[in-house]
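As C-alpha cells, the structure follows; a few thoughts come after it.
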Amino acid sequence: MPNYDFKRFHIRSMNAASAEERAGINQELKELYDSLSESDKKVFNEELQYFLTKEVSRIKSDYESVTGMDQPN
C-alpha cells in the first residue's frame, strides 16, 4: 500500500513565496494523482482524507489551547 507524503506538499505550500509557487506545488500533486492507476487513486484519496482530518484536528486542538476554549468557565 503506497504512503504519500502529503505533509511535504503541505509544508512546501505553506512556505511558498508566491501564489504562483503554491500553484506549481498544487500542480505537482495533481500530476502525481493523474499518473496513478485507479486502485492507487483510491489509496491516494483515502490517505489524503486521513491527512486532512488529522491536520484539522491538530489545528482545532492548537486553537482551543491558545484561546482557552478547552477549559470550562
Side-chain angles (χ1 to χ4, degrees):
M1 181 166 167
N3 188 8
Y4 301 100
D5 190 359
F6 295 111
K7 186 171 187 170
R8 180 177 59 90
F9 284 101
H10 180 64
I11 291 171
R12 285 179 56 214
S13 182
M14 286 188 327
N15 293 321
S18 66
E20 292 79 17
E21 184 180 355
R22 189 171 291 113
I25 295 165
N26 288 339
Q27 186 61 39
E28 284 180 45
L29 198 54
K30 288 176 185 176
E31 289 172 4
L32 170 61
Y33 181 80
D34 289 342
S35 73
L36 299 174
S37 68
E38 288 305 312
S39 61
D40 284 342
K41 284 180 180 179
K42 183 176 189 276
V43 172
F44 180 99
N45 288 332
E46 290 169 354
E47 289 185 12
L48 179 58
Q49 183 176 5
Y50 175 78
F51 173 77
L52 292 173
T53 301
K54 188 172 88 174
E55 283 301 300
V56 168
S57 177
R58 183 191 58 77
I59 291 168
K60 180 179 183 282
S61 176
D62 290 351
Y63 176 79
E64 289 175 347
S65 69
V66 168
T67 62
M69 292 178 63
D70 58 337
Q71 296 178 10
N73 291 334

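Side-chain atoms are counted along with the backbone in the values below, which use heavy atoms only and exclude waters and symmetry mates. Along the sequence shown, the residues carry numbers beginning at 1.
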Query raised in the report: Is it the case that one hydrophobic cluster holds both Leu52 and Leu36, taking links as side-chain heavy atoms less than 4.5 Å apart, direct or via other members?
Result: yes
Approximate separation, where rounding is to 0.5 Å, of [X] [atom1] and [Y] [atom2]:
X     : Y     : atom1 : atom2 : answer
Ile59 : Lys54 : CD1   : NZ    : 12.0 Å
Asn26 : Glu31 : CG    : CD    : 11.0 Å
Leu48 : Lys41 : CG    : NZ    : 14.0 Å
Lys30 : Asp34 : NZ    : CG    : 9.0 Å

Query raised in the report: Is the number of heavy atoms from other residues, nucleotides or ligands under 6.0 Å of Gln49 CD greater than 12?
Result: no
**Report entry** Test: Lys7 cationic atom under 6.0 Å from Phe51 six-membered ring centre, within 45° of axis
**Finding:** no
Report task. Given ring-ring contact (aromatic ring centres under 6.0 Å, His included), test Phe6 with Phe44 step by step and report yes or no. Result -> CA-CA 10 Å; Phe6 295 111; Phe44 180 99; 5.0 Å; yes
Query raised in the report: With sequence neighbours excluded, what pairs up with Glu28 under the side chain to side chain donor-acceptor pair (under 3.5 Å) test?
Result: Arg12
Query raised in the report: Can you name the side-chain contact (heavy atoms from CB on, under 4.5 Å) partners of Asn15, sequence neighbours left out?
Result: Ile11
Query raised in the report: Does the side chain of Tyr4 reach to within under 4.5 Å of the side chain of Leu32, using non-hydrogen atoms?
Result: yes
Query - Pairing of Glu38 and Lys42 as salt bridge, 4.0 angstrom limit - result: no
Report summary line: Residues Ala16 and Arg22: closest non-hydrogen pair is CB-N, 3.8 Å
